[in-house]
There are 2 protein chains.
Amino acid sequence: MTTIKDVAREVGVHPSTVSRALDPARRGRIGEPVVRRILEAAERLGYRPDTVAASLRSGRSNMVGIIVPDIANPVFSPIIGGLEDVLSARGYALIVADPQPQRTGADDIVQRLVARRVDGLVLANVALKDNSIERCLSWKVPVVLVNRAEAEARVPSVVSDDVAGMRLAVAHLLELGHRHILHLAGPQMLSTGSLRRRGFVEAMHEAGFTPADNDIEEAEAFTREAGRAAALRLLARQPEATAIVAANDLLALGIYEALRETGRRCPEDLSVIGHNDMPLVDLVDPPLSTIRISHREMGEQTGQLLLDLIEGVRGDAPYVVTAPLLVVRRSTQPPRISR
Amino acid sequence: MTTIKDVAREVGVHPSTVSRALDPARRGRIGEPVVRRILEAAERLGYRPDTVAASLRSGRSNMVGIIVPDIANPVFSPIIGGLEDVLSARGYALIVADPQPQRTGADDIVQRLVARRVDGLVLANVALKDNSIERCLSWKVPVVLVNRAEAEARVPSVVSDDVAGMRLAVAHLLELGHRHILHLAGPQMLSTGSLRRRGFVEAMHEAGFTPADNDIEEAEAFTREAGRAAALRLLARQPEATAIVAANDLLALGIYEALRETGRRCPEDLSVIGHNDMPLVDLVDPPLSTIRISHREMGEQTGQLLLDLIEGVRGDAPYVVTAPLLVVRRSTQPPRISR
DNA sequence: TTGACTTGCGCAATCGATTGCATTAATCGT
DNA sequence: ACGATTAATGCAATCGATTGCGCAAGTCAA
């Protein structure tokens with residue numbers, strides 16, 4: 001491994017000069033011909049700056065960490081992809097950490113990442129209350145939330161506009177002629193779960209309806225199985241309803257299973273609309289109508305925001321919302337002529 | 001941030017003593033009571049070792065990098081998940097890098113990761129020939145391939161047993177009574193593409209058949225669209241066939257589309273079997289029979305292997321294959337009574 | 001010509017932990 | 001009881017780059 005000293009010796013200058021010449025930002029203070037010779041020598045010797053040594057002295061590591069509950073989740077993986085994209089374009093590396101609940105708490109992970117001197121942190125773990133945020137705040141490490149909001153907006157976050165999304169879903173069903181619309185909500189301890197529930201209620205209100213508590217059922221997790229179970233409860237309670245809006249595609253697929261089990265058909269007997277537009281939901285039977293969210297774009301926005309924060313471009317804590325899109329497929333249709 | 005010096009001063013010993021006391025491996029050389037006092041003080045002061053400083057001196061970073069072509073790909077994300085799992089359990093952090101073809105070559109990424117002093121590298125980029133491997137070899141950084149094999153087995157790799165998988169698929173179709181079986185192959189520049197094609201041919205041979213070149217068509221990418229196009233070509237050429245084994249689930253779904261377009265039905269007119277068992281293929285119409293591969297497990301094995309390599313536990317370059325599993329759903333059934 | 005700046009670069013400290021070697025104190029064999 | 005080990009800890013160099021400060025030469029105005 002050739003170091004900065006080797007280059008310095010080769011050119012006949014002091015290492016510090018090499019350091020400056022190699023940094024485009026400080027290159028200006030060095031004479032033009034010297035810079036050229038240094039660049040040339042560095043190239044020739046195959047010099048690669050040692051990021052670790054640089055971090056130690058400068059305090060910046062050019063690394064950011066992201067904490068996700070499940071890397072393989074189709075919601076989070078595109079977020080990671082988008083994030084990594086903008087990060088690497090600016091020379092940052094991304095460390096992904098997936099807290100194993102049984103092994104170590106999420107805030108221990110924050111510690112570990114901070115010990116690695118990450119310049120910033122992205123929190124994608126969706127639990128509404130956990131103290132990772134406090135940890136970051138107390139350590140003064142730049143942090144942004146993604147796919148998750150915080151009640152007191154102390155830190156910036158990037159989320160989909162759940163109210164707008166729910167508005168789209170409700171408007172679509174209303175337009176088809178549905179009047180009795182249910183909501184299969186996600187876990188209320190999770191950010192998206194509660195946000196979307198609120199979005200649903202608000203959207204219904206705007207349309208002049210007042211959903212009863214009975215019209216909403218909460219699934220215990222964002223899984224097909226939990227969706228199936230909750231749908232069974234909900235349908236037993238409200239057999240007259242003609243449509244359900246689910247807080248998430250997985251829950252919607254759970255509804256499919258519940259319908260099959262109870263001998264109903266989608267969309268003839270019940271319209272179902274999901275949320276997220278995850279891969280392949282256009283191929284299930286029936287193809288799922290849903291609200292499309294560009295998670296990759298959310299990841300990109302998160303990266304931009306975090307980098308701005310790290311590099312001090314902005315001091316405020318913006319709350320970025322990305323616009324959702326209605327995708328109509330075949331799981332929604334007008335209700336049967338009723339009564 | 002409290003450093004090792006602070007702890008030393010607090011306890012009244014030399015920093016080096018603290019360093020040793022904190023490392024379980026070298027703790028033995030330090031007196032028991034001193035160790036206790038150091039541990040206690042470290043705890044009380046909230047000491048966190050600075051990983052960066054340690055890396056600089058020791059040369060190890062406790063980080064490994066993984067280079068993947070697409071983080072959001074349902075094949076790779078569970079691999080990353082499994083890998084991260086075993087890595088973090090042993091105190092390693094995982095950097096994921098996703099080479100943007102247009103921006104920077106994959107070997108540039110290798111350089112960047114090496115500059116960060118990663119202790120090891122996982123290559124998941126599937127192109128059969130690229131020189132990342134050479135880079136790693138020349139830099140002597142431990143590397144293992146995952147979901148990809150190399151002709152000359154210079155470096156260890158973890159792959160699914162494609163021959164066994166194809167054997168399962170072929171045996172299943174044979175057992176159902178199919179005799180004219182086609183293969184929709186993946187791109188042959190990709191490791192899985194060529195391995196599975198070979199697997200198919202070999203499995204057919206073992207069963208006493210000799211697939212003609214005409215029975216195999218290569219898709220240009222592992223995507224639904226490429227699968228559809230290739231399936232169209234293949235079906236036009238071999239309208240008499242009763243079954244297709246696809247190199248991958250996405251291709252199988254592409255076949256579904258081609259069938260729909262040409263007015264055939266699956267499984268009545270043609271049986272289709274995929275490969276990977278990616279999420280949700282049990283919900284498409286019809287539910288896809290496929291070969292299940294545990295990508296997460298592959299990721300875990302990769303992690304183990306890499307750590308062993310890094311820590312010098314083993315010097316050989318093992319070639320780990322994981323066993324695939326046949327999952328029968330509804331896209332395969334006995335052929336119509338023919339002739 | 002001189003004093004005030006500016007420009008270009010060298011000097012040396014520094015970041016925080018690790019580690020080979022040196023040193024002191026305690027233990028042992030005979 | 002004394003030299004030889006052994007055990008426990010201190011010392012100081014080191015990893016490779018960054019950076020505040022300082023110095024010398026050059027520039028410019030008066």
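A, B, ... follow the sequence lines: proteins, then strands. Residue 1 opens every chain.
Of the residues listed (B/Leu123, B/Leu137, B/Val144), the one engaging B/Val155 in a side chain to side chain contact (heavy atoms under 4.5 Å, CB included) is B/Leu137, and it is the only one.
Across the protein-nucleic acid pair, A/Arg57 atom CZ and D/dT19 atom C1' stand 5 Å apart, rounded to whole Å. One interatomic measurement links the two molecules: CG of B/Asp50 to P of D/dC15, which rounds to 18 Å at whole-angstrom precision. Atom CE of A/Met1 and atom P of D/dT14 are 21 Å apart (whole Å). Distance, B/Ile4 CD1 to C/dG16 C1': 8 Å, rounded to whole Å. Atom CZ of B/Arg117 is separated from atom C1' of D/dA17 by 11 Å (rounded to the nearest Å). In this entry the distance linking CZ of A/Arg116 with P of C/dA17 reads 14 Å, nearest Å.
Between D/dA17, D/dT19, C/dA17, one nucleotide has an atom nearer to the side chain of B/Thr3 than all others, and that is C/dA17.
Ion pairing between a basic and an acidic side chain is recognised when a charged N comes within 4.0 Å of a carboxylate O; B/Glu134 and B/Arg154 show such pairing.
Around atom CZ of B/Arg90, more than 12 heavy atoms belonging to other residues, nucleotides or ligands sit under 6.0 Å away.
Defined by atom type and a distance below 3.5 Å, a donor-acceptor pair is missing between the side-chain atoms of B/Arg116 and A/Ser61.
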Do any side-chain atoms of residues 44-54 of chain A form donor-acceptor pairs under 3.5 angstrom with protein atoms, and if so which ones, sequence neighbours left out?
residue: A/Arg44; atom: NE; partner: A/Glu40; partner atom: OE2; Å: 2.8
residue: A/Arg44; atom: NH1; partner: A/Glu10; partner atom: OE2; Å: 2.8
residue: A/Arg44; atom: NH2; partner: A/Glu40; partner atom: OE1; Å: 3.2
residue: A/Arg48; atom: NE; partner: B/Gln111; partner atom: OE1; Å: 3.2
residue: A/Arg48; atom: NH1; partner: B/Gln111; partner atom: OE1; Å: 3.1
residue: A/Arg48; atom: NH2; partner: B/Gln111; partner atom: OE1; Å: 3.2
residue: A/Asp50; atom: OD1; partner: A/Val52; partner atom: N; Å: 2.8
residue: A/Asp50; atom: OD1; partner: A/Ala53; partner atom: N; Å: 3.0
residue: A/Asp50; atom: OD2; partner: B/Arg117; partner atom: NE; Å: 3.2
residue: A/Asp50; atom: OD2; partner: B/Arg117; partner atom: NH1; Å: 3.2
residue: A/Asp50; atom: OD2; partner: B/Arg117; partner atom: NH2; Å: 2.8
residue: A/Thr51; atom: OG1; partner: B/Ala115; partner atom: O; Å: 3.2

Under 3.5 Å, which donor-acceptor pairs do the side chains of residues 63-74 of chain A form with other protein atoms, sequence neighbours left out?
residue: A/Asp70; atom: OD1; partner: A/Ala72; partner atom: N; Å: 3.1
residue: A/Asn73; atom: OD1; partner: A/Val75; partner atom: N; Å: 2.7

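For the segment residues 8-39 of chain A, the set of residues with a heavy atom within less than 4.0 Å of an atom of DNA chain D comprises A/Ser16, A/Ser19, A/Arg20, A/Arg26, in numerical order.
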